[in-house]
Number of protein chains: 2
Amino acid sequence: MGGEKPRLRTPTLKDIARELGISAMAVSKALNGKGGVGAETLQRVKETAERLNYQPNAVAKSLRLSSTKTIGVVVSDSSLSFFAKVVKGIEETASRNGYSIILCNTDQDCSKEKLAIQVLVNKRIDGLILAASMLTRKEDVAYLRSFGIPFVFLIRRSEAEEVDYVINDNIGGACQMVDYLVGSGSRKVHFINLNEEIPSRKDRLSGYRKALEENGISYEPSLVRSVKPTIEDGHSAMVELLDGKEEIQAVFCGCDVIGIGVMEAILERGLRIPQDIRVAAYDDIDFAAYLRVPLTTVRQPKFTIGCKGTELLIEKIRVGGQEAKHLVLQPELVIRMST
Amino acid sequence: MGGEKPRLRTPTLKDIARELGISAMAVSKALNGKGGVGAETLQRVKETAERLNYQPNAVAKSLRLSSTKTIGVVVSDSSLSFFAKVVKGIEETASRNGYSIILCNTDQDCSKEKLAIQVLVNKRIDGLILAASMLTRKEDVAYLRSFGIPFVFLIRRSEAEEVDYVINDNIGGACQMVDYLVGSGSRKVHFINLNEEIPSRKDRLSGYRKALEENGISYEPSLVRSVKPTIEDGHSAMVELLDGKEEIQAVFCGCDVIGIGVMEAILERGLRIPQDIRVAAYDDIDFAAYLRVPLTTVRQPKFTIGCKGTELLIEKIRVGGQEAKHLVLQPELVIRMST
DNA sequence: ATGAAAGCGCTAACAT
DNA sequence: ATGTTAGCGCTTTCAT
């Protein structure tokens with residue numbers, strides 16, 4: 001596969017066997033504790049393996065057993081605080097169960113994602129985790145299934161019903177937050193939501209509307225807009241809002257990153273948070289408590305989503321084709337100074 | 001290797017060959033564009049591969065060619081903003097060069113790190129990246145070498161001279177910052193440094209001392225302390241300082257996370273930053289610009305460290321045994337409101 | 001308790 | 001241009 005530097009050959013089972021004048025098979029059994037090998041042989045094998053610094057070749061093992069004990073993890077951007085936590089949960093759970101993870105970034109690029117999956121499939125991963133995948137449509141699921149490898153969606157769910165996923169309750173989370181905002185005095189809540197690329201936006205909007213409805217407030221589409229989840233876009237959206245003539249009481253942001261931009265824009269105008277405008281967001285990323293104004297937000301169980309998703313996948317790898325499981329974890333309201 | 005669910009067999013070269021009544025070898029050549037195969041055959045092979053959804057088995061390829069096109073990445077905690085950026089740089093560079101990465105976390109636990117490396121070696125990674133490794137002593141390097149796999153240190157360098165690494169200039173960065181603090185009016189600079197677990201602390205201390213010296217200020221050990229790089233520890237260290245009778249003009253923190261805790265402690269007392277106390281730190285993590293007080297800090301080129309380290313490793317994998325390279329990247333002073 | 005044979009899927013080397 | 005042989009390192013199966 002292109003290894004240009006021929007390295008010193010690593011000892012194999014055969015080497016140990018030859019050294020001891022026994023068969024490779026006996027060594028294999030001894031080293032794997034399968035039994036069927038005498039106590040004395042076992043002892044000698046172990047000693048020799050140690051002495052030669054024998055390292056079992058997992059590649060050969062994988063080929064033989066068609067299982068690599070490796071999970072593919074495809075994520076949009078592992079360097080974002082949010083996903084970094086999810087990945088940590090995945091890695092920890094995988095490792096605890098004897099699996100390694102191969103990490104790939106897609107940068108929200110569908111063809112990059114397909115390419116990554118291709119590579120992973122070629123490397124014969126035992127299962128695949130898709131965190132905030134772009135392949136959520138029904139036809140994408142057919143594509144994913146074509147590889148015959150179990151997979152689980154995280155954060156974003158697939159449109160196809162029969163697919164496993166672990167997400168947080170976006171409707172519930174948004175609803176709780178808006179309900180809190182309204183209940184604590186802001187009858188008028190602007191919503192700077194995530195943009196079209198991010199499917200969760202729909203559920204968060206539903207939650208927003210649900211909360212309004214429950215509070216007998218009519219939904220006003222003009223209060224809602226959507227932007228990319230960046231500080232800059234949050235900032236400029238808020239600037240626009242501030243430049244308009246509409247009164248602004250409270251702003252609910254589709255994610256914390258947008259919230260940061262929004263707060264900056266407000267503070268730049270010399271307005272106060274929360275006295276003049278209240279700000280709330282979604283995710284509870286690291287440092288949300290230490291921002292310009294500590295941010296009220298909906299905490300997604302990021303690490304737990306990674307853990308649960310991995311457990312689910314490993315179960316699928318081991319047991320195989322049961323029906324699809326859907327885990328919807330409950331987020332938690334975190335009230336800080338910004339409201 | 002324990003795959004319990006027998007999956008449908010995936011087509012192999014032989015299947016394609018049988019389908020076309022030719023040899024597996026011909027198919028291999030055709031699919032790999034090695035030439036030595038007729039135009040018509042080539043066409044038919046490609047069609048059939050497509051039709052059968054053939055996925056080359058990289059495991060078999062790896063066994064045959066003893067190269068996995070996979071790099072092991074061992075990092076203390078990939079979920080920390082800082083390391084997440086480094087890992088992104090690694091992943092991006094690796095992927096661009098046709099490598100995948102297996103990611104392992106060590107949580108600063110030496111035995112966990114050794115275990116991770118063991119697994120990676122068994123999986124026959126082509127090279128190893130150690131980001132903030134615990135295995136920096138000379139005897140550790142012997143251990144690492146015993147596997148016969150090229151490796152590169154990132155962030156932290158090894159004590160052994162003949163080992164490749166990519167770091168930032170901790171001495172220079174700290175020196176610049178302290179020089180700036182002194183030059184802009186704070187003759188007395190407290191230093192809340194990183195604790196013993198983190199070797200970079202030494203260089204940052206050297207930089208601190210160097211700057212003082214250059215400014216004709218005598219080094220006062222009582223102004224220096226060290227804490228774990230957490231918000232809590234930064235906070236309590238600062239509380240102690242504030243409770244003391246010593247005058248405090250400026251605090252230089254060993255990293256941004258400590259800086260966050262320090263700022264919290266100062267603000268809790270009703271003191272102002274920077275009017276009453278100036279705060280500076282090291283790293284420039286995400287959101288450092290959006291904290292309670294935008295943080296003046298030394299920007300480490302995190303992403304670039306990942307990229308350069310990976311390029312270096314890949315070069316070693318390809319070319320092999322040249323002499324060790326040491327890359328010391330220049331950090332950048334980022335002046336914000338906290339000073 | 002131990003071993004021999006076979007084969008996982010692939011390709012380098014050597015025929016034809 | 002194409003095919004044959006052999007083997008990467010391992011384990012399952014079936015002998016002994």
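First the proteins, then the strands, lettered A, B, ... as listed; each starts at 1.
In this structure, the nucleotide among D:dT12, C:dT11, D:dT4 sitting nearest to the side chain of A:R64 is D:dT12. Of all nucleotides listed (C:dT2, D:dC8, D:dT2), D:dC8 comes nearest to the side chain of A:K14. Residue A:M25 has its side chain nearest to C:dG3 when only D:dC8, C:dC8, C:dG3 are considered. The side chain of A:L63 lies closest to C:dC8, out of D:dC10, C:dC8, C:dC10.
In this structure, A:A39 and B:A60 both approach DNA chain C, and ranking their closest nucleotides by distance from the 5' end singles out A:A39. Each of B:G21 and A:K29 lies near DNA chain D, and the nucleotide nearest B:G21 is the one positioned closer to the 5' end.
Across every non-hydrogen atom of B:D15 and B:T10, the tightest pair is OD2-O, 4.1 Å.
Taking atom CG on A:L20 and atom P on C:dT2, their separation rounds to 12 Å, with Å as the unit. In this entry the distance linking CG of A:L13 with C1' of C:dT2 reads 15 Å, nearest Å. As rounded to whole Å, 13 Å separates atom C1' of C:dG9 from atom CG of B:L31. As rounded to whole Å, 17 Å separates atom P of C:dC10 from atom CG of A:N57. The distance from atom CZ of B:R124 to atom P of D:dC10 is 7 Å, rounded to the nearest whole Å. In this structure, the NZ atom of B:K123 is 16 Å from the C1' atom of D:dC10, given to the nearest Å. Residue A:I22 contributes atom CD1, which lies 11 Å from atom P of C:dA4 at whole-angstrom precision. Atom CD of B:E40 is separated from atom P of D:dT2 by 9 Å (rounded to the nearest Å).
In summary, the side chains of A:S78 and B:E91 do not present any donor paired with an acceptor at a separation below 3.5 Å, with no hydrogens or angles considered. Side-chain contact check for B:N57 and B:Q55: no donor-acceptor pair (N or O, by modelled atom type) lies under 3.5 Å.
A side-chain contact (heavy atoms from CB on, under 4.5 Å) with B:C307 holds for exactly one of B:V166, B:L312, B:T93; it is B:T93. Between B:I71 and the options B:L128, B:I102, B:I125, B:I314, a side-chain contact (heavy atoms from CB on, under 4.5 Å) holds for only B:I314.
At least one side-chain nitrogen or oxygen of A:Y54 sits closer than 4.0 Å to the OP1 or OP2 atom of D:dC10. For the OP1/OP2 pair of C:dC10 and a distance below 4.0 Å, the side-chain nitrogens and oxygens of B:S28 include no atom meeting the criterion. The side chain of B:T12 contributes no N or O atom lying less than 4.0 Å from OP1 or OP2 of C:dG9. The side chain of A:N32 places an N or O atom within less than 4.0 Å of a non-bridging phosphate oxygen (OP1 or OP2) of D:dT11. Here B:T41 reaches the OP1 or OP2 of D:dT2: one of its side-chain N or O atoms lies under 4.0 Å away.
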